[in-house]
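Here, residue 1 is the first one in the sequence, and each next residue gets the next number.
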Amino acid sequence: MTPTASDAQTSPSAQGWSRLPAAYAIPPSPPSLDEARAYCRRLASTHYENFSVATWFLPRRLRQHFCNVYAYCRISDDLADEVGDPASSLVLLDQWQAELDACYQGYPRHPVFVALAETVKTFAIPKHEFSDLLIAFRHDQTVTRFETFDDVLAYCRYSANPVGHLVLYLCGYSDAERQQLSDYTCTALQLANFWQDVTVDYGKGRIYLPLEDLRRFAVSEDDLAHNRNTRQFREMMKFEVERAREWFARGLPLVKKVNRDLAIDLELFTRGGQEILNAIERQDFAVLGRRPVISKPRKLALVARAALGKLLGSSGVKPI
């Protein structure tokens, strides 16, 4: 049984929920659809500026649905990363799964799922596209190392690729070909974030760099712990950056297989991910203790390019 705001103090999971925003609590009764929609819009607009930027290029009819999906992803991620205790996170993720099940069965209580039920029905989205993300978040609570690159890719299958599928569903696409191309792009974005956040992730006890690559390039965990950007480490990071570039290249054909509005968003996020890789390269792959970032002028340039493409219709993609 999932906890409500009223019984939070006596629930075994109270400690976990208490470490999250109070608004995340599952209420004893569901809000109205209008209230649930507003909740998702607030969450989307206050948590991630790039999401708000991306929705500028979407048809107005899709913006609420994107907010609903984003709100689900945001809270799911926080249940995994912001609680600070793996055991508590696992309990909360199970309760979140129960709310997802209730959403598909017709009786959700949490505002995210009240709003999401409308999205699911409108676009006929299979439940596994949402629950796959929870598999990755549960994985994070128990697995902190990856032996091979294939193991990292298997993790991305659940942590990143479902998001691309959800975007495609919202834009009217559900075929395997586009989903595969989307998987390449989403995996590439996940890899770019991993390579950008080596130090941040190590601080959380996680290493997403394949252990086989650490051994191959003679890099130790002690190097990561003490932010030693050795020649060997920088050579390894150059290798990993080129890998990510290859995955971005595999996903590029998707831009020409979707309508112009989605193509602009895809290009924006792809170029953003590639800019992360460029930022890593500009600092000679020395990411330990020096998180690479995209400068504000460069971010504005990316958005301006996307906006210009929308205004001029220069993407070359015909609307569906």
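- With a 4.5 Å cut-off on side-chain heavy atoms, Val114 and Pro108 count as touching.
- Minimum interatomic distance between Cys171 and Asn259 (heavy atoms only, all atoms of both residues): O-ND2, 4.2 Å.
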Review point. Stepwise, does the salt bridge (Lys or Arg N to Asp or Glu O under 4.0 Å) test hold for Asp213 with Arg243?
Key: CA-CA 12 Å; Asp213 293 346; Arg243 264 181 166 171; 2.9 Å; yes

Practice item. Report the C-alpha separation of Asp101 and Lys127 in whole Å, then their side-chain angles, then the decisive distance to 0.1 Å, and conclude whether the salt bridge (Lys or Arg N to Asp or Glu O under 4.0 Å) test is met. Key: CA-CA 8 Å; Asp101 295 341; Lys127 185 169 67 171; 3.0 Å; yes

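- Remark: Asp140 pairs with Phe137, Tyr155, Arg206, Tyr208 by the side chain to side chain contact (heavy atoms under 4.5 Å, CB included) rule, at least two apart or across chains.
- Within the 4.5 Å cutoff, the side chain of Glu221 has heavy atoms near those of the Tyr202 side chain.
- Residues passing the side-chain hydrogen bond (donor to acceptor under 3.5 Å, both in side chains) test with His110: none are found, sequence neighbours excluded.
- For residues 158-174, the set of pairs meeting the salt bridge (charged side-chain N to carboxylate O under 4.0 Å, His left out) definition, not counting sequence neighbours, is empty.
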Check your understanding: Passes salt bridge (Lys or Arg N to Asp or Glu O under 4.0 Å), Arg138 versus Asp94? Steps please.
Key -> CA-CA 9 Å; Arg138 291 188 185 97; Asp94 285 347; 3.2 Å; yes

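- Formation of a donor-acceptor pair under 3.5 Å by the Asn229 side chain with backbone atoms of Val287 is found in this model.
- There is a path of hydrophobic side-chain contacts, each under 4.5 Å, that joins Tyr104 to Leu93.
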**Study point:** Leu20 vs Leu92, side chain to side chain contact (heavy atoms under 4.5 Å, CB included): CA-CA, chis, key distance, verdict
**Key:** CA-CA 11 Å; Leu20 297 167; Leu92 268 55; 3.7 Å; yes

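- Under the 4.5 angstrom side-chain criterion for Ile, Leu, Val, Met, Phe, Trp and Tyr, the cluster partners of Tyr158 are Ile135.
- When side chains are defined from C-beta on, Leu254 does not count as touching Gln180, because their heavy atoms never get closer than 4.5 Å.
- Residues Thr187 and Leu153 approach most closely at CG2-CD2, 3.7 Å, considering heavy atoms.
- Linking ILVMFWY residues whenever their side-chain heavy atoms come closer than 4.5 Å, directly or via other members, places Phe239 and Val219 in the same cluster.
- Not counting sequence neighbours, Phe233 has no partner by the ring-ring contact (aromatic ring centres under 6.0 Å, His included) test.
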Point to revise | Verdict with supporting geometry, Ile280 and Lys238, side chain to side chain contact (heavy atoms under 4.5 Å, CB included) | key: CA-CA 9 Å; Ile280 294 173; Lys238 181 178 181 180; over 6 Å; no

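- Side-chain N/O atoms of Asn278 and Arg245 include a donor and acceptor closer than 3.5 Å.
- Two residues are said to be in side-chain contact when any heavy atoms from C-beta on lie closer than 4.5 Å; Lys257 and Tyr173 fail this criterion.
- Summarising the geometry, atom OG belonging to Ser88 is positioned 11.0 Å from atom CG belonging to Leu79; distances are rounded to the nearest 0.5 Å.
- When the side chain to side chain contact (heavy atoms under 4.5 Å, CB included) test is applied to Pro162, the partners found at least two apart in sequence or on another chain are Glu129, Asp132, Leu133.
- Taking Ser29 as the reference, nothing meets the side chain to side chain contact (heavy atoms under 4.5 Å, CB included) condition, with sequence neighbours excluded.
- The side-chain heavy atoms of Val255 and Thr270, taken from C-beta on, include no pair separated by under 4.5 Å.
- The closest side-chain heavy-atom distance from Pro210 to Glu240 is below 4.5 Å.
- The minimum heavy-atom distance between Pro111 and Pro27, with the atom names listed, is CD-CD, 4.0 Å.
- Transitive grouping of hydrophobic side chains (ILVMFWY, heavy atoms separated by less than 4.5 Å) brings Val258 and Phe123 into a common cluster.
- Rounding to the nearest 0.5 Å gives a distance of 9.5 Å between CZ of Arg61 and CZ of Phe66.
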**Study point:** Audit row: Met237, Leu209, side chain to side chain contact (heavy atoms under 4.5 Å, CB included) steps and yes/no
**Key:** CA-CA 9 Å; Met237 289 308 303; Leu209 291 161; 3.9 Å; yes

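- Take Glu246 and apply the side-chain hydrogen bond (donor to acceptor under 3.5 Å, both in side chains) test, not counting sequence neighbours, and it matches no residue.
- When hydrophobic clusters are built by joining Ile, Leu, Val, Met, Phe, Trp and Tyr residues whose side-chain heavy atoms come closer than 4.5 Å, directly or via intermediates, Leu189 is grouped together with Leu277.
- Linking ILVMFWY side-chain heavy atoms closer than 4.5 Å, directly or via other members, places Phe248 and Leu252 in two distinct hydrophobic clusters.
- Residue pairs that meet the salt bridge (charged side-chain N to carboxylate O under 4.0 Å, His left out) test with at least one member in residues 23-36, sequence neighbours left out, are Asp34-Arg37.
- Annotation for Ala218 and Gln232: closest pair O-CB, 4.2 Å, computed over non-hydrogen atoms.
- Annotation: ring-ring contact (aromatic ring centres under 6.0 Å, His included) contacts of Tyr107 (sequence neighbours excluded): none.
- Under 4.0 Å is where a charged nitrogen must lie from a carboxylate oxygen, and between Arg74 and Glu82 no such pair does.
- Residues Ile207 and Asp201 fail the side-chain proximity criterion, which asks for heavy atoms closer than 4.5 Å.
- In terms of modelled atom types and a separation under 3.5 Å, the side chain of Gln283 and the main chain of Arg290 share a donor-acceptor contact.
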Practice item. Could you walk me through whether Glu235 and Arg231 pass the salt bridge (Lys or Arg N to Asp or Glu O under 4.0 Å) test, one step at a time? Key: CA-CA 6 Å; Glu235 287 178 353; Arg231 176 181 57 81; 3.0 Å; yes

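- Between Ser76 and Leu134, some side-chain heavy-atom pair lies under the 4.5 Å cut-off.
- For the pair Glu99 (side chain) and Arg109 (backbone), a donor-acceptor distance under 3.5 Å is present.
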Review point. Run the side chain to side chain contact (heavy atoms under 4.5 Å, CB included) check on Ile125 and Leu170 step by step: do they pass?
Key: CA-CA 9 Å; Ile125 304 175; Leu170 296 184; 4.1 Å; yes

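- The heavy-atom pair separating Asn68 from Cys40 by the smallest distance is OD1-CB, 3.5 Å.
- Within the 3.5 Å criterion, the main-chain N or O of Thr148 finds a donor-acceptor partner in the side chain of Asp151.
- Taking the six-membered ring for Trp and the full ring otherwise, His65 and Tyr169 have centroids separated by 6.0 Å or more.
- Side chain of Tyr72 to main chain of Phe130: a donor-acceptor pair is present (N/O by atom type, distance under 3.5 Å, no hydrogens or angles).
- Residues His226 and Asp222 bring a donor and an acceptor atom of their side chains to less than 3.5 Å of each other.
- Considering every non-hydrogen atom in both Leu100 and Phe113, the closest pair reads CA-CE2, 3.5 Å.
- In this structure, Arg250 has no salt bridge (Lys or Arg N to Asp or Glu O under 4.0 Å) partners at least two apart in sequence or on a different chain.
- Remark: Asp284 engages Arg234 in a side chain to side chain contact (heavy atoms under 4.5 Å, CB included) (not counting sequence neighbours).
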